[in-house]
Amino acid sequence: MSDLKKILVSLPDNLLKEVDEIIAVEKINRSEFVRKAMKLYIREKRRIEMRDKMKKGYQEMAEINARLAEMCFDADNEQQQKYEESLGELEI
């Protein structure tokens with residue numbers, strides 16, 4: 001931790017009290033708590049962004065797959081009709 005910068009943070013009393021209770025239990029100082037909280041926030045934010053991107057991608061793929069299935073269904077129906085017509089011609 002050789003390249004540390006100092007910052008000044010303002011907190012409401014009740015939040016600071018909660019933080020101090022946690023650091024007393026975990027036997028860490030406020031700076032370490034803030035570093036951990038910031039890392040946790042950044043990691044969680046990235047996880048949420050990744051989940052949202054994946055959700056969007058899956059939704060786009062679902063739309064593409066539905067269009068492909070519709071196209072194939074139409075092609076199958078067309079082939080089925082041709083096949084049935086050819087069978088009808090054999091019966092005559």
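If you're wondering where the values come from, they're calculated on a predicted model, not measured in any experiment.
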Check this for me: Glu70, atom CD, are more than 12 non-hydrogen atoms of other residues, nucleotides or ligands nearer than 6.0 Å?
no

More than 12 heavy atoms of other groups within 6.0 Å of Asp13 CG:
no

Please tell me whether Leu68 and Met61 are part of a single hydrophobic cluster in this structure, the criterion being side-chain heavy atoms less than 4.5 Å apart.
yes

Check for me, please, whether Met38 and Leu15 land in the same ILVMFWY cluster - side-chain distances under 4.5 Å, paths through other members count.
yes

Qualifying residue for side-chain contact (heavy atoms from CB on, under 4.5 Å) with Tyr58, from Lys56, Lys55, Met54:
Met54

Any non-hydrogen side-chain atom of Glu32 less than 4.5 Å from a side-chain atom of Ile23?
no

Same apolar cluster (I L V M F W Y, side chains within < 4.5 Å links), Ile7/Leu11:
yes

To the nearest 0.5 Å, what is the distance between CD on Glu49 and CD on Glu44?
10.5 Å

Test side-chain hydrogen bond (donor to acceptor under 3.5 Å, both in side chains) on Gln59 and Glu63 and set out the steps.
CA-CA 6 Å; Gln59 288 172 335; Glu63 291 172 13; over 6 Å; no

Can you tell me how far CZ of Arg46 sits from CE of Met50, rounded to the nearest 0.5 angstrom?
10.5 Å

Heavy atoms only: give me the nearest Ile22-Phe33 pair and the separation to one decimal.
CG2-CE1, 3.9 Å

Tell me whether Glu78 is salt-bridged to Lys82, with the criterion being a basic N under 4.0 Å from an acidic carboxylate O.
yes

Interatomic distance, Asp52 atom CG to Arg47 atom CZ [nearest 0.5 angstrom]
9.5 Å

